[in-house]
Amino acid sequence: MNKKILSVFISICVICITSMCFLLNVNAASASIWFTDPTVTVGSNVSVTIDVKGSDIGGYELYLSYDTSYLQYLSASGGENLGVNDQGGVITIVDYMGSGSSSKMSCTLTFKTKKTGTTKITPSTANFTSGDGENISPSAVGDSTINIKPVPEASSDATLKSLAVGSGTLSPAFSSGNTDYSVSVDFSVSSLAVTALKNHNGASVYVSGNDNLAVGENKITITVTAENGAKKVYTITVTRAKNPLSSDIFMTLGEGITAEVSINISSDSVPKGFELTAISIDGTSVAAIKYHKDAMPAVYLLGNDKVSEGFYFVDVETKTAKAFEYLGQTEKSLMLLDVKFSKVPKGYEIGKFKFGETERDVLVPSGTETPNHCLVYAIGAMGEKVLYMYDPVENTYQRYGFAEMGKENNTPNKNDDPKETDKKQENKNEEKNEDKSLFSNAVFKWVFIGIAILIIALVVVAIVLGVKYY
């Protein structure tokens with residue numbers, strides 16, 4: 001009896017253990033399928049992500065159904081070894097792990113939406129396998145709900161909410177419905193900042209014509225483009241004031257090139273070597289500068305996009321101007337002047353000399369057909385108007401002294417150090433004194449020798465006379 005009871009007990013234990021192992025094996029492999037539920041506007045693309053989740057997923061096979069009146073299949077992506085076949089309303093998806101298993105496998109399907117409404121993507125068949133190739137019964141299978149909305153109607157609002165400028169005051173005051181405004185600015189304002197705020201966020205604003213303002217009237221346009229393409233243009237008429245230095249007198253610098261003369265010149269801007277004066281052009285008195293009372297005057301041109309602002313020599317009769325010409329190795333080291341106002345040194349005369357491709361009036365050695373140098377009249381950096389010798393071989397300019405050839409020039413140079421000049425003079429005086437001292441010493445020596453000879457002669461005569469006497 002005891003043996004039978006023991007046998008039954010053992011059998012029951014074996015059955016329980018086997019059942020538990022079976023249950024553990026079933027629970028070890030599970031699978032579920034999840035879909036995203038997107039919302040999009042009609043005509044756009046929509047992506048649906050499919051996630052297969054479980055504890056031991058080795059692969060899966062899905063058959064999906066969709067409504068072709070709502071969706072058009074485009075493509076698929078993701079997966080380990082993904083294979084997708086679309087048959088127009090039915091899509092077959094196969095994916096598997098190359099080795100082992102995973103707790104999640106995913107892929108994404110992309111469709112183009114065709115009309116508004118709500119549609120679904122529904123699995124008709126779903127098969128799952130474990131990493132060991134065993135079939136897995138799905139624990140949950142979902143579907144995808146796609147909400148397709150109509151495209152919002154594009155806004156036609158092309159108006160501004162506000163309009164302001166950086167200088168001056170708009171006239172009239174801004175009103176969204178008014179598109180024409182005006183503003184006056186000073187001559188100093190060459191660019192006007194414009195702030196234009198749109199009424200609708202979907203609109204765009206473009207401002208043009210607010211840079212490089214000319215004297216007088218200028219047009220600035222603010223173009224507002226609505227979301228649906230409609231346009232509205234606001235206009236600001238900007239009047240830039242006249243230059244306070246304007247004289248309304250223009251000088252010609254070349255063919256089609258003119259610049260206006262400034263009526264005033266600041267004394268601080270007058271170059272060294274020049275003096276401020278006034279000249280009359282077409283009956284209008286304007287400020288000018290001259291380096292010599294009879295020299296060609298220079299005026300200040302206001303400048304423009306073709307002419308640089310600054311001083312220019314002018315011919316009042318022809319109303320033409322030419323820029324200052326500078327010479328030397330360093331920019332603006334020497335300002336070239338008319339040589340006829342210079343002091344002509346002996347041995348020189350006014351003639352022509354070629355500087356590269358340019359021939360100028362200069363001072364050349366008198367009677368020389370092919371001079372090897374010349375003298376130019378110029379203003380140096382310190383404002384001194386002097387002659388400079390030009391060496392065409394070295395292409396250099398050196399200050400010219402007025403010493404005559406063959407004679408020693410004892411006149412100190414203005415650039416010489418006075419202390420050095422005095423020292424040289426002292427050395428010369430010492431040399432002269434030494435000469436005089438030497439001369440005096442030589443005379444004294446010969447006088448002394450003569451006296452000594454005379455004394456010796458007298459002694460000899462005295463001795464001779466003494467011997468005879470005795």
Side-chain angles (χ1 to χ4, degrees), residues 157-200 203-226 230-270 281-289 298-312 314 319-324:
D157 189 349
T159 60
L160 291 177
K161 179 166 57 177
S162 65
L163 180 63
V165 290
S167 299
T169 303
L170 285 180
S171 178
F174 175 75
S175 172
S176 182
N178 183 22
T179 58
D180 294 314
Y181 300 89
S182 63
V183 64
S184 297
V185 297
D186 294 336
F187 172 77
S188 59
V189 179
S190 60
S191 180
L192 187 63
V194 176
T195 303
L197 299 181
K198 57 194 178 184
N199 260 327
H200 191 272
S204 61
V205 178
Y206 178 72
V207 180
S208 64
N210 58 324
D211 292 324
N212 301 318
L213 300 176
V215 172
E217 285 193 356
N218 302 262
K219 294 289 185 182
I220 297 178
T221 58
I222 303 95
T223 303
V224 186
T225 303
K231 293 181 183 293
K232 194 180 189 82
V233 178
Y234 292 80
T235 302
I236 303 175
T237 301
V238 182
T239 303
R240 185 184 178 192
K242 184 179 177 181
N243 191 334
L245 297 176
S246 175
S247 64
D248 291 327
I249 298 173
F250 289 83
M251 291 289 158
T252 301
L253 290 90
E255 186 175 353
I257 302 175
T258 61
E260 189 176 11
V261 177
S262 172
I263 199 164
N264 291 320
I265 296 175
S266 170
S267 58
D268 295 336
S269 65
V270 176
I281 305 176
D282 290 345
T284 301
S285 178
V286 298
I289 58 173
V299 297
Y300 195 89
L301 298 185
L302 297 178
N304 49 51
D305 58 341
K306 294 182 179 179
V307 180
S308 298
E309 183 174 336
F311 286 103
Y312 291 78
V314 294
K319 295 181 68 174
T320 57
K322 63 178 181 178
F324 284 4

Which residues pass the side chain to side chain contact (heavy atoms under 4.5 Å, CB included) test with [X], sequence neighbours left out?
X      : answer
Ser269 : Ile265, Ser266, Phe311
Ala298 : Ile289, Phe313, Phe324
Ala323 : Tyr312

Side chain to side chain contact (heavy atoms under 4.5 Å, CB included) between Thr320 and Val314, intermediate numbers included: CA-CA 6 Å; Thr320 57; Val314 294; over 6 Å; no
Please set out all donor-acceptor pairs under 3.5 angstrom arising from side-chain atoms of residues 162-178, sequence neighbours excluded.
{"from": "Ser176", "atom 1": "OG", "to": "Leu160", "atom 2": "O", "distance (Å)": "3.0"}
{"from": "Asn178", "atom 1": "OD1", "to": "Asp180", "atom 2": "N", "distance (Å)": "3.4"}
{"from": "Asn178", "atom 1": "ND2", "to": "Asp180", "atom 2": "O", "distance (Å)": "3.3"}

[X] side, atom [atom1]; [Y] side, atom [atom2] - distance, nearest 0.5 Å:
X      : Y      : atom1 : atom2 : result
Ile236 : Asn210 : CD1   : CG    : 8.5 Å
Phe250 : Leu302 : CZ    : CG    : 8.5 Å
Lys198 : Ile222 : NZ    : CD1   : 15.0 Å

Using side chain to side chain donor-acceptor pair (under 3.5 Å) as the criterion, list what pairs up with [X], not counting sequence neighbours.
X      : result
Thr159 : Asp157, Asn199
Ser190 : none
Ser184 : none
Lys161 : none

What's the shortest heavy-atom distance between [X] and [Y], and which atoms?
X      : Y      : answer
Val286 : Ser247 : CG1-CB, 4.2 Å
Ala321 : Met251 : CB-CB, 3.9 Å
Ala203 : Ala226 : CB-CA, 4.1 Å

Partner set under ring pair (Phe, Tyr, Trp, His ring centres under 6.0 Å) for Tyr206, not counting sequence neighbours: none
Decide yes or no for Thr179 and Val233: does some side-chain heavy atom of the first lie under 4.5 Å from some side-chain heavy atom of the second?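 No; the side chains remain at least 4.5 Å from each other.
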State, with a plain yes or no, whether a side-chain heavy atom of Val261 is found less than 4.5 Å away from one of Leu301. yes
Would you list the pairs meeting side-chain hydrogen bond (donor to acceptor under 3.5 Å, both in side chains) in which at least one residue belongs to residues 298-311, sequence neighbours left out? Tyr300-Glu309
For residues 211-221, the side-chain hydrogen bond (donor to acceptor under 3.5 Å, both in side chains) pairs (sequence neighbours left out) are Ser191-Asp211, Ser208-Thr221, Lys219-Thr237
Extract all donor-acceptor atom pairs below 3.5 Å that involve side chains of residues 238-246 and protein atoms in other chains or at least two apart in sequence.
{"from": "Arg240", "atom 1": "NE", "to": "Phe187", "atom 2": "O", "distance (Å)": "2.8"}
{"from": "Arg240", "atom 1": "NE", "to": "Val189", "atom 2": "O", "distance (Å)": "3.2"}
{"from": "Arg240", "atom 1": "NH1", "to": "Leu213", "atom 2": "O", "distance (Å)": "2.5"}
{"from": "Arg240", "atom 1": "NH2", "to": "Phe187", "atom 2": "O", "distance (Å)": "2.7"}
{"from": "Lys242", "atom 1": "NZ", "to": "Asp248", "atom 2": "OD1", "distance (Å)": "3.2"}
{"from": "Lys242", "atom 1": "NZ", "to": "Asp248", "atom 2": "OD2", "distance (Å)": "2.7"}
{"from": "Asn243", "atom 1": "OD1", "to": "Leu245", "atom 2": "N", "distance (Å)": "2.9"}
{"from": "Ser246", "atom 1": "OG", "to": "Glu260", "atom 2": "OE1", "distance (Å)": "3.4"}
{"from": "Ser246", "atom 1": "OG", "to": "Glu260", "atom 2": "OE2", "distance (Å)": "2.1"}

